[in-house]
Amino acid sequence: MKSARIWLLAMVAVLAGVAWWIQPDAVSVPKPEGQVRITLPDTTSARYTSPCNTTYRVPSHAKVEVRSAPQCEAGCWYNLVFPRFNARVHCTERPVGNALPKLIQDAQSLVFGHEVAAAGIRRHALDLPKKSGMIYVLEGPVAAPIQFFVTDSTSHFMRGSLYFNHAPNPDSTAPVLERMEADIRRIMESLEWS
């Protein structure tokens, strides 16, 4: 009887060990493919006058953040902040004087400095009465995916760069970039110097 109990306990221990050893792994269930949902705000805009007395249409979902005291002789620096997109457009306004070629060259060198990381660069010229400029859309994981400049060629020059406050991921920011490009085009087209 005693040996039967020992034998029974040994068998239970062996069976428990075997059951533990061959337990099945948890079956992983594939998750459906998903996309980040981005709700774009309405396209309304309001007239804004910059610290250097430049006026243009700013999207209603943007806020202005002045970066330094306005000194129109040296230029003005401010940000257009887009909290919903966690982004900002750094804007600089400078007087042209005799420095138009240098200002344009500086703007282009800042764009093409991202060429190493960019998968491509699209350019769109702005050529309207009393102003001209260029918008650059850099494709790929770049720090500043949209950059632009506008000038009247004699007195005023404005430059801007879009930056996100997170690592650039072109797949998830594509709808936002399309919207930001349209907003920046509206700024460029509506821009007027006093």
Side-chain angles (χ1 to χ4, degrees), residues 38-114 121-138 142-165 173 175-194:
I38 298 174
T39 307
L40 299 175
D42 61 9
T43 58
T44 60
S45 63
R47 194 146 200 77
Y48 170 71
T49 302
S50 78
C52 280
N53 292 322
T54 303
T55 59
Y56 51 85
R57 308 279 315 166
V58 173
S60 299
H61 58 98
K63 297 176 184 172
V64 179
E65 173 184 273
V66 178
R67 292 173 37 203
S68 65
Q71 300 171 348
C72 290
E73 297 80 32
C76 300
W77 298 270
Y78 54 94
N79 295 326
L80 301 177
V81 181
F82 296 84
R84 188 175 216 164
F85 300 145
N86 198 18
R88 66 186 62 227
V89 176
H90 296 280
C91 297
T92 304
E93 291 185 42
R94 305 273 318 255
V96 171
N98 295 327
L100 183 61
K102 182 173 177 5
L103 291 170
I104 292 174
Q105 181 183 9
D106 288 347
Q108 289 176 340
S109 65
L110 289 169
V111 169
F112 292 105
H114 294 279
I121 299 175
R122 287 187 290 121
R123 294 183 289 208
H124 300 284
L126 173 73
D127 190 16
L128 295 173
K130 300 184 183 176
K131 65 184 162 195
S132 60
M134 186 74 70
I135 184 169
Y136 300 91
V137 180
L138 291 83
V142 294
I146 299 177
Q147 299 185 42
F148 69 96
F149 71 86
V150 183
T151 183
D152 65 358
S153 301
T154 57
S155 304
H156 305 283
F157 186 88
M158 178 185 183
R159 182 186 178 289
S161 296
L162 169 69
Y163 290 92
F164 287 102
N165 297 326
T173 58
V176 173
L177 283 174
E178 286 177 20
R179 177 56 180 277
M180 294 297 296
E181 182 180 354
D183 288 343
I184 289 171
R185 282 178 188 262
R186 182 180 305 119
I187 289 170
M188 294 172 69
E189 291 167 357
S190 65
L191 192 134
E192 295 175 1
W193 288 283
S194 57

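Computed from a predicted structure; not experimentally measured. Computed over heavy atoms, backbone and side chain alike; hydrogens, waters and symmetry mates excluded.
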Tell me whether the rings of [X] and [Y] are parallel (<30°), tilted (30 to 60°) or perpendicular (>60°).
X	Y	answer
Tyr78	Tyr56	parallel
Tyr163	His90	perpendicular
Tyr136	Phe112	perpendicular

Quiz prompt | Ionic contact status for Glu181 with Arg122, cut-off 4.0 Å | solution = yes

Exercise. Kindly indicate, with the supporting measurements, whether the criterion side-chain contact (heavy atoms from CB on, under 4.5 Å) is fulfilled by Glu189 and Leu128.
Key: CA-CA 8 Å; Glu189 291 167 357; Leu128 295 173; 4.2 Å; yes

Quiz item: By salt bridge (Lys or Arg N to Asp or Glu O under 4.0 Å), which residues pair with Arg84, not counting sequence neighbours?
Solution: none

Practice problem: Using only the SG atoms, establish whether Cys76 and Cys52 come within less than 2.5 Å of one another. | Solution: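 Disulfide present: SG-SG distance under 2.5 Å.
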
Can you see which heavy atom on [X] is nearest to which on [Y], and at what distance?
X	Y	value
Phe148	Val89	CE2-CG1, 4.0 Å
Ala87	Leu162	CB-CD1, 3.9 Å
Ile187	Pro59	CD1-CD, 4.4 Å
Val96	Ser153	CG1-O, 4.1 Å
Pro145	Ala143	CD-O, 3.5 Å
Leu177	Ile146	O-CD1, 3.7 Å

What distance separates [X] [atom1] from [Y] [atom2], expressed to the nearest 0.5 Å?
X	Y	atom1	atom2	result
Asp152	Ser155	CG	OG	5.0 Å
Thr92	Met158	OG1	CE	8.5 Å
Gln147	Ile184	CD	CD1	9.5 Å
Thr151	Ile104	OG1	CD1	6.5 Å
Leu103	Arg94	CG	CZ	6.0 Å
His156	Leu100	NE2	CG	12.5 Å

Do [X] and [Y] have side chains that approach each other closer than 4.5 Å (heavy atoms only, starting at C-beta)?
X	Y	answer
Arg159	Leu110	yes
Val150	Trp193	yes
Asn86	Phe164	no
Val58	Ser45	no
His61	Phe82	yes
Leu80	Val64	yes
Met134	Gln108	no
Ser132	Leu126	no

Quiz item: Among Arg47, Lys130, Lys131, whose side-chain hydrogen bond (donor to acceptor under 3.5 Å, both in side chains) with Glu192 holds?
Solution: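 Between Glu192 and the candidates, side-chain hydrogen bond (donor to acceptor under 3.5 Å, both in side chains) is satisfied uniquely by Arg47.
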
Exercise. Inspect the surroundings of CD in Glu65 and state if more than 12 heavy atoms from other residues, nucleotides or ligands are less than 6.0 Å away.
Key: yes

Practice problem: Say whether Ser190 and Arg57, considering side chains only, have a donor N or O and an acceptor N or O under 3.5 Å apart. | Solution: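 No, Arg57 and Ser190 have no side-chain donor paired with an acceptor closer than 3.5 Å.
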
Quiz prompt | Any donor-acceptor N/O pair, Ser50 side chain to Thr54 backbone, under 3.5 Å | solution = yes

Quiz item: Does Thr55 reach the main-chain N or O of Tyr48 with its side chain, forming a donor-acceptor pair under 3.5 Å?
Solution: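 Pair absent, no side-chain N/O of Thr55 close to backbone of Tyr48.
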
